[in-house]
Amino acid sequence: MAALDPPLAPRPTVAGVPARSPRSLNGAFSPSPRPPPRRAVGGERAPARCRFRDGVASRGGRRLRTVEPLEYYRRFLKENCRPDGRELGEFRATTVNIGSITTADGSALVKLGNTTVICGVKAELAAPAVDSANKGYIVPNVELPSLCSTRFRSGPPGEEAQAASQFIADVIENSQIIAKEDLCVANGKLAWVLYCDIICLDYDGNILDASAFALLAALKNVQLPSVTINEETGLSEVNLKQKNPLIIRKHPVATSFAIFDDTLLIVDPTAEEEDLATGTVTIVTDEEGRLCSVHKPGGSPLTGAKLQDCITRAVTRHKEVKKLIDKVIKSIKPK
Amino acid sequence: MPLDHRRLRGPEESQPPELWAAGTGGVPEKEEEEDAAPQDPCALRPLFARAGLLSQAEGSAYVELGGGTKVLCAAWGPREAAEPGAAAAVGGGRLLCEFYRAPFAGRGARRRPGSAAERDAEREAAAALREALEPAVRLARYPRARLAVSALLLQDGGSALAAAISAAALALADAGVEMYDLVVGCALCRSPGPAAAWMLQPGEPEERRAVARLTVALLPALNQVSAVLGGGQGSPPDDWAQALRLGLDGCHRLYPVLRQSLLRASRRRDAAAAAATTTTA
């Protein structure tokens, strides 16, 4: 069975939320729009799929879902669709809300279906490390509090949170999203430290995509006050009134896939699908269609051709995401 | 400070840029003070409350105050108690509360997650939350069970604990836990000065300068106070009594907003359930 059938012109499932007031989150927490019921347009296979879904989502279907989830999913996958009505290559509705946390220097809230992630960036000043005197720091931190799902307990970060933090650190490093030299104020004396705290509010799968997206959106929103070093006294002076945005060099976007039964690839897995999957792959691409990183933590093996399919799909997803971010950034009124 | 091996490490020490905003920095603060029109001490800031928004928690609520305080709270209904011995001794359910501050929630330096000071502050706030919520929940109906409440402060714009109390009560109600009444929290503070009056729902700058703070939690329909937390510079008891009355009045005024949000959430849920059954029918 072909993994991702002729790369479908992916339906635009992204939407920016023009927050009612840019400083509040009260628009962002409305339930994400469900993908509209598909109609047969331009040769798409919609009607058969909808009928199938209705047949299985009966009482017997619900029992099957609890008792034999894998069997339940296999029935849908045979028809090239998923229980929530999506196609194999379709993303959930994406919404972004930027700049709502005013105590942070930059913030973004991203919703991928039910998965909700908020990223806040705080900038502080510190002395650069001795061996890299002209570089600043970017310190990502992904937190999965007990709030977001019953599978996480309170306390120090567990395995998944640590793995996600390391993944985000790798994305920052490999894609050169910000050149650390740009963060240096005075060689050897003073540099910016960007603490990027990514907190998951609702865990419904695909945390890596959402975190990377939230990080990118928050960094684009950061405004750093200008710092000058007084020549005579050698002290630094910060001018809070004059703020400059960060120079974002590259825009990496992550796309995650779940591997089912060693053969089938589905995009943007929910928590249920992730549990049933036999492996996951995350591809990070940047705006020139180049590959930044491939993250495949074990799981079932993948052939080269399937990997190529994934990369192609990731490149398309990148364009959608970039368009969304640009639209939202433009809609923010300057502070 | 012991090394935290589970989080990525940045530099040993870092300071917020506000520390160095010497000459130019002092002035904006004063400007802020004067810009804010002398606030009516009895005025309540606009409150936005929404229940039932997280998919993974049984009950959830989000409360936002006009000055920028944003609190998200999730609650889970009765689950098996981890240590049956302790719960059986008490003879009722247990309410476990947690209170997290996001590292970017405060205006000044970033709070380092995992440090001892941070953990202590969280434990204190969680204890305060439990104190305020326990009288409202019918724990006797859930013997040998535990109910969990987890609050996350996304942005601190003043009156954070009060907002968290209201959000937690809403989340518990949204989860279907049996309660006597919703708990409404209200904060007050008194600024320095001999004749300063108590102010309802202070913003962040007022709270920082305050010499005395008070948080009141009330069950409005039963008109019973569940918790009074706070302290500060001493003053005659009449002063504190007046502050308490002001706080209780504020709680009564906030109550309808919270009830409305709960009604709306249950209507939304009914509509969603009806829509789901019609598609399958």
Side-chain angles (χ1 to χ4, degrees), chain A residues 23-26 29-31 54 57-59 61 100-105 107 114 116 118 120-129 137 139-141 143 145-150 154 156-157 161-162 165-166 169 193 195 197 199 201-204 224-225 227 235-241 271, chain B residues 4 6-25 28 48 50 52-58 60 62 64 68 70 72-74 76 79 98 100 102-110 112-114 148 150-152 154-157 204 268 272 276 279-281:
Chain A
R23 302 285 163 260
S24 107
L25 290 173
N26 58 13
F29 277 122
S30 37
D54 290 344
S58 58
R59 227 172 346 154
S100 39
I101 310 274
T102 44
T103 47
D105 294 298
S107 65
N114 278 328
T116 312
I118 189 163
V121 178
K122 265 194 116 53
E124 297 196 343
L125 292 164
Y137 303 84
V139 184
N141 179 29
E143 278 188 33
S146 55
L147 176 82
C148 66
S149 166
T150 44
S154 56
Q162 291 178 56
S165 296
Q166 192 54 52
V193 188
Y195 290 107
D197 294 293
I199 305 184
L201 303 177
D202 198 354
Y203 185 92
D204 197 16
L224 290 179
V227 189
L235 291 173
S236 34
E237 276 164 24
V238 172
N239 189 349
L240 287 175
K241 295 264 178 187
Chain B
D4 188 353
R6 296 180 193 236
R7 293 190 173 91
L8 294 172
R9 279 202 301 281
E12 286 261 334
E13 273 191 18
S14 58
Q15 284 84 33
E18 282 82 15
L19 277 185
W20 278 303
T24 42
F48 170 80
R50 188 183 165 115
L53 37 86
L54 294 182
S55 67
Q56 298 296 312
E58 286 176 28
S60 53
Y62 171 71
E64 190 176 320
K70 300 179 169 83
L72 179 66
C73 192
W76 287 270
R79 281 188 287 185
E98 276 161 9
Y100 289 121
F104 43 79
R107 182 112 81 87
R110 167 192 184 251
R112 286 169 182 265
S150 179
L152 175 65
L154 291 170
Q155 184 181 338
D156 190 357
E204 208 252 329
R268 263 199 310 269
T279 49
T280 63

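Note on naming: letters A, B, ... go to the chains in the order of the sequence lines (proteins, then strands), and numbering restarts at 1 for each one. Basis for what follows: all heavy atoms, side chains included, without hydrogens, waters or symmetry-related copies.
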Next item on the list: Specify the closest pair of heavy atoms between A:Ser146 and B:Trp76, including all atoms of both residues, with the distance to one decimal.
Entry: O-CH2, 3.1 Å
Check: Considering only heavy atoms, which portion of A:Pro128 lies under 4.5 Å from any heavy atom of chain B: side chain, backbone, both, or neither?
Finding: neither
Check: Does B:Pro103 reach the side chain of A:Lys122, with side-chain heavy atoms less than 4.5 Å apart?
Finding: no
Checklist line | Modelled atom types, side-chain donor and acceptor of B:Ser14 and A:Tyr195, under 3.5 Å | finding: yes
Next item on the list: Specify which of B:Gly52, B:Ser55, B:Gly106, B:Ala74 makes the most heavy-atom pairs with chain A at under 4.5 Å.
Entry: B:Ser55
Notebook entry, point to check: Nearest 0.5 Å, what's the CD-OG distance between B:Gln155 and A:Ser100?
Noted result: 8.0 Å
Check: Between atom CG of B:Leu154 and atom CD1 of A:Ile199, what is the distance when rounded to the nearest 0.5 Å?
Finding: 6.5 Å
Notebook entry, point to check: Which one of A:Leu147, A:Val139, A:Val121 has the most heavy-atom pairs closer than 4.5 Å to chain B?
Noted result: A:Leu147
Item checked: Side-chain donor/acceptor of A:Thr103 to backbone N/O of B:Ala105, under 3.5 Å -> yes
Notebook entry, point to check: What are the two closest heavy atoms between A:Ser154 and B:Glu98, and how far apart are they?
Noted result: OG-OE2, 2.8 Å
Next item on the list: Check the pair B:Phe104 / A:Ile118 against side chain to side chain contact (heavy atoms under 4.5 Å, CB included), numbers first and verdict last.
Entry: CA-CA 11 Å; B:Phe104 43 79; A:Ile118 189 163; 4.3 Å; yes
Item checked: A:Asn141 portion near chain B, given a 4.5 angstrom heavy-atom threshold -> side chain
Next item on the list: Please name the pair of heavy atoms, one in A:Ala126 and one in B:Pro11, separated by the smallest distance, quoted to 0.1 Å.
Entry: CB-CG, 3.9 Å
Check: Would A:Val238 and B:Glu18 satisfy side chain to side chain contact (heavy atoms under 4.5 Å, CB included), going step by step from the backbone distance to the final call?
Finding: CA-CA 7 Å; A:Val238 172; B:Glu18 282 82 15; over 6 Å; no
Check: Picking from B:Ser150, B:Ala57, B:Gly10, which has the most non-hydrogen pairs under 4.5 angstrom with chain A?
Finding: B:Ser150
Item checked: Heavy-atom proximity to chain B below 4.5 Å, by part of A:Ala271 -> neither
Notebook entry, point to check: Do you know the tightest heavy-atom contact between B:Gln15 and A:Glu124?
Noted result: O-CB, 3.3 Å
Next item on the list: Check each atom of B:Glu13 against the heavy atoms of chain A and say whether the ones under 4.5 Å are side chain, backbone, both or neither.
Entry: backbone
